[in-house]
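Step one of this worksheet: look at the structure below.
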Amino acid sequence: MGSRDRRLGMDRAISRRDFLNGVGVVIGASLAPACARNEGPIAAAPAPYYPPAATGMRGAHSGSFEAAHAAVTGRRWQADRFDEHYDLIVVGAGISGLSAAYIYRRDVDPNASILLLDNHDDFGGHAKRNEFTLDGRTFVGYGGTMLMEAPKTYPAVAKQVISEIGIDVDRYSESPHRKLLKSLGLGPVTFFDKETFGADFLAAGGLWYTEAMADAPLSPRAKAELARLTADEEDYLAGMTPAERRAIVESLSWRDYLEKYAGVGDEVLTFVQKWSHGVWAIGADALPAWMAWLEGYPGFAGMDIGYLDEGDEGDENGEAEQGGNFYFPDGNASIARLLVRKLVPGVAPGDSMADIVSARFDYSTLDATENPTRIRLSSTVVDLRHRDGQLDADVEVTYVNEGKARTVTASKVVWAGYHAMLSHVCPDVPQEQAAAQGNSVRAPLVYLSVLIRNWRSMAKLGIQRVYCPGSFFHTVMISHQASLDDHEPSQSPDEPVILHLQQIPLEPGLPAAEQFRAGRRSLFEMPFETFERNVREQLGRVLGPGGFDPARDIAGITVNRWPHGYAYSVDAKSGDVAWSPEYWRHEGRPWIDARQSIGNIAIAGTDGSSNAMTESAIEEAYRAVQSLVTADAV
Ligand SMILES: Cc1cc2nc3c(=O)[nH]c(=O)nc-3n(C[C@H](O)[C@H](O)[C@H](O)COP(=O)(O)OP(=O)(O)OC[C@H]3O[C@@H](n4cnc5c(N)ncnc54)[C@H](O)[C@@H]3O)c2cc1C
């Protein structure tokens with residue numbers, strides 16, 4: 001280890017696992033014996049088994065994806081037959097799978113026996129909780145699904161489920177912590193890095209052009225362009241009809257539109273490239289210009305491009321009705337935990353949306369024989385098929401746990417995994433449907449939770465969040481700090497806090513779907529050490545001027561890698577990604593054909609609506625359950 005690494009603190013003992021070429025070695029934690037009450041023993045579990053507290057490489061962690069990858073490339077297993085039959089087996093214990101189990105019990109059979117199988121060592125899917133303990137205090141963050149976006153506008157089914165599990169979206173507000181940050185003068189800033197822009201420079205006062213950028217490492221021309229884009233007052237398509245404008249914004253990426261019509265040069269194009277990473281997991285080079293318009297990104301001066309002519313009347317009360325977003329401290333992992341607490345009696349104490357945040361879950365009860373609903377983790381389904389190929393017969397479900405394959409059976413199955421995998425493990429999927437499922441595509445994302453011992457440097461520099469257009473992580477921010485009854489956020493800059501960092505692995509220049517595939521490949525190859533070094537380096541450079549020392553101040557790092565992240569679909573004819581399904585005006589919506597049930601197998605999950613949102617996960621669960629009991633559900 002060189003002196004630079006030592007300065008960064010690469011030798012420091014922090015809360016993490018060390019990873020060598022992606023293979024996890026748990027340091028300092030004993031390997032738990034197979035949990036006595038679990039028939040499916042859980043691998044490499046720290047004792048007592050409590051996966052939210054595991055740090056290091058999480059999300060698609062080592063051990064969670066290998067069997068699935070082998071299955072889609074043709075591997076088959078000799079399975080032991082287990083004498084277990086369930087009324088319902090749900091594949092995938094993300095929000096959709098958990099909702100399917102909940103809705104089945106509520107609407108179909110309150111006494112049903114249900115088994116959920118998930119390949120991860122924790123439930124929740126993308127809605128994953130990250131926990132750290134420092135000096136006896138527990139800090140909670142989100143490893144994926146972060147928030148409910150405007151839950152007051154959720155469709156009826158999702159609204160009802162959310163309410164039934166105890167969430168009152170009126171009850172909570174993030175504002176106390178926001179107010180604290182505001183009172184301390186913290187806000188968004190931009191960090192220019194020397195490799196991309198020629199010098200490290202922190203521009204305070206906002207994310208787009210601010211007075212502070214007068215000294216930024218940008219040419220006078222670029223500053224003028226950025227100021228012009230920030231003001232966003234020019235109509236670059238002046239004199240054109242809405243239809244002509246529309247033809248232009250539908251044919252160009254946001255980047256190409258800005259270059260061609262707003263006349264901005266390379267420096268500003270570099271500045272905007274990662275602007276859309278956080279929301280859409282794609283850069284300006286592949287984000288359609290009309291999507292940038294829809295998002296209100298600069299360059300359009302509020303121009304009419306004709307979309308409102310198509311029956312969308314707009315809604316002047318929309319803002320008020322929409323209300324705000326809703327954050328639990330661990331993001332939507334709290335929704336998963338509330339669902340599990342409903343499904344598995346005794347798994348956790350408490351009965352409210354507030355006490356769910358600090359409720360300690362007893363994972364040993366998840367798969368207990370006496371439970372009407374059982375959750376079996378670290379279990380990847382590698383084969384499912386109707387007995388003797390008869391679509392009205394029971395379904396045989398084979399899963400791999402710790403390298404061993406077992407077959408169990410069910411009267412009904414909900415597949416709440418991914419469309420793209422299903423036909424590889426289920427011979428009952430008709431060919432045309434398999435082709436439709438093959439159009440689903442997933443964007444890779446990485447969310448990091450980094451526990452720091454204090455945020456004095458951020459208070460000193462006035463930073464709440466940083467946009468870093470040229471750096472490894474495009475976003476660094478103080479994680480959303482929700483106040484709920486027995487959970488208080490970090491109250492002062494002298495206290496520890498979890499930072500949230502994002503990285504979207506892409507290959508700019510390629511079509512979006514290919515960028516996702518390339519990003520996914522690189523993500524599986526990237527070891528924890530690369531993330532750690534970049535965390536230390538980038539935080540040191542951004543926050544160093546405020547006194548931050550990465551070797552001293554970083555207390556824990558959790559990397560949540562999601563190679564199969566946001567659910568999208570590709571139109572087979574055009575090759576376009578359907579970025580926003582409700583605006584998808586091409587004839588084909590392949591996800592509708594793709595999600596049809598097959599005999600006793602129904603399909604849930606966000607691929608079913610090509611919409612990576614929690615409300616879709618719940619709505620799709622409802623549709624899937626309905627399709628098992630009625631003939632005409634689609
Ligand atoms: C980083 C990130 C941030 C996000 N942020 C938000 C947000 O803030 N708000 C929002 O509304 N949405 C967000 N989303 C979208 C998110 O996908 C949905 O909100 C929702 O959590 C998806 O739930 P799901 O159950 O459909 O899928 P998942 O959460 O992916 O769950 C599916 C589960 O099934 C498992 N599985 C798949 N195949 C098999 C198999 N063969 N055997 C066993 N198990 C299997 C998967 O591994 C996974 O655990 C985010 C997504 C990501 C990746």
Side-chain angles (χ1 to χ4, degrees), residues 58-61 64-65 67-72 89-101 115-128 142-151 154 158 162 277-281 325-328 331-333 335-336 339 375-384 397-401 413-422 424-426 440 442-449 480 500 502-504 559-568 595 603-621 624:
R58 302 292 296 153
H61 57 79
S64 67
F65 54 85
H69 289 180
V72 300
I89 288 181
V90 180
V91 183
I95 287 179
S96 201
L98 292 167
S99 299
L115 173 69
L116 290 108
L117 295 162
D118 197 285
N119 57 316
H120 290 104
D121 62 8
D122 198 357
F123 57 79
H126 294 153
K128 207 65 97 198
Y142 38 87
T145 309
M146 181 194 300
L147 62 103
M148 283 190 275
E149 190 175 319
Y154 270 15
I162 292 298
H277 272 201
V279 178
W280 296 102
N325 298 333
F326 187 104
Y327 301 84
F328 280 102
N332 292 1
I335 298 180
L339 283 163
I375 301 177
R376 193 164 294 165
L377 298 171
S378 301
S379 299
T380 306
V381 172
V382 292
D383 194 281
L384 74 161
V397 179
T398 300
Y399 65 90
V400 172
N401 173 293
V413 166
V414 170
W415 174 266
Y418 308 134
H419 280 183
M421 182 179 183
L422 183 54
H424 295 279
V425 295
C426 179
S440 83
R442 292 270 174 166
L445 297 94
V446 190
Y447 276 18
L448 276 81
S449 297
H480 295 288
H500 169 73
Q502 286 185 17
Q503 199 240 10
I504 313 295
V559 177
N560 302 276
R561 68 172 169 197
W562 299 111
H564 305 274
Y566 291 169
Y568 288 122
R595 72 188 185 197
I603 302 173
T606 51
D607 281 338
S609 52
S610 187
N611 187 22
M613 299 301 290
T614 293
E615 63 272 32
S616 293
I618 300 171
E619 294 281 322
E620 291 306 313

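Whatever order the structure lists ligands and atoms in, that order sets their numbers, starting from 1.
Residue T380 has no N or O atom closer than 3.5 Å to an N or O atom of ligand 1. Any N or O atom pair closer than 3.5 Å counts here, and N332 shares no such pair with ligand 1. Remark: ligand 1 and Y566 share no N or O pair separated by less than 3.5 Å (distance only, no angle test). Ligand 1 has no N or O atom lying under 3.5 Å from any N or O atom of W562, backbone or side chain. At under 3.5 Å, a nitrogen or oxygen of D118, whether backbone or side chain, sits near a nitrogen or oxygen of ligand 1.
There is no protein heavy atom closer than 4.0 angstrom to atom 27 (O) of ligand 1.
For ligand 1, the atoms sitting less than 4.0 Å from at least one non-hydrogen atom of M421 are 41 (N), numbered in the order shown with element in parentheses. Heavy-atom proximity to L117, at under 4.0 Å, picks out these atoms of ligand 1: 43 (C), 44 (N). Close approach of ligand 1 to S96 is summarised as follows: ligand atoms under 4.0 Å from at least one heavy atom of the residue are 24 (P), 25 (O), 26 (O). Under a 4.0 Å criterion applied to the non-hydrogen atoms of A612, ligand 1 contributes the atoms 12 (N), 13 (C), 14 (N), 15 (C). Near M146, the atoms of ligand 1 lying under 4.0 angstrom from a non-hydrogen atom of the residue are 5 (N), 6 (C), 7 (C), 8 (O). Counting atoms of ligand 1 from 1 in the listed order, those under 4.0 Å from a heavy atom of A416 are 32 (C), 34 (O). Listed by number with element, the atoms of ligand 1 under 4.0 angstrom from any heavy atom of G605 are 26 (O). Against a heavy-atom cut-off of under 4.0 Å, A617 is close to the following atoms of ligand 1: 23 (O), 26 (O).
Considering all non-hydrogen atoms of both residues, Y447 and G143 come closest at CB-O, 3.7 Å. Scanning both residues, A621 and S99, for their nearest heavy atoms gives CB-CB, 3.7 Å. Considering all non-hydrogen atoms of both residues, R595 and S609 come closest at NH1-CA, 4.4 Å.
A perpendicular orientation is assigned to the rings of H126 and W562, their planes being inclined by more than 60° (bins at 30° and 60°).
Under the rule for a ring-ring contact (aromatic ring centres under 6.0 Å, His included), Y566 has no partner lying at least two apart in sequence or in another chain.
The option from A127, G92, G608 that lies nearest to atom 34 (O) of ligand 1, judged by heavy atoms, is G92. The nearest non-hydrogen atom to atom 9 (N) of ligand 1, considering only N119, L147, D122, V91, comes from L147. Around atom 38 (N) of ligand 1, the closest heavy atom drawn from A158, A68, G417 belongs to G417.
Contact annotation: Y399 has no heavy atom less than 4.0 Å from any atom of ligand 1. At least one heavy atom of H120 sits closer than 4.0 Å to an atom of ligand 1. Contact analysis puts S379 in contact with ligand 1, with a non-hydrogen atom separation below 4.0 angstrom.
Side-chain polar atoms of S616 and N611 form a donor-acceptor pair below 3.5 angstrom.
At the shortest separation from atom 4 (C) of ligand 1 among protein heavy atoms lies T145 CA, 3.5 Å. At the shortest separation from atom 29 (O) of ligand 1 among protein heavy atoms lies H126 N, 2.7 Å. If you check which protein heavy atom lies closest to atom 22 (C) of ligand 1, you get T606 CG2, 4.0 Å. Given atom 11 (O) of ligand 1, the protein heavy atom at minimum distance is T614 N, 2.8 Å.
With salt bridges taken as basic N to acidic carboxylate O contacts below 4.0 Å, one links R58 and D121.
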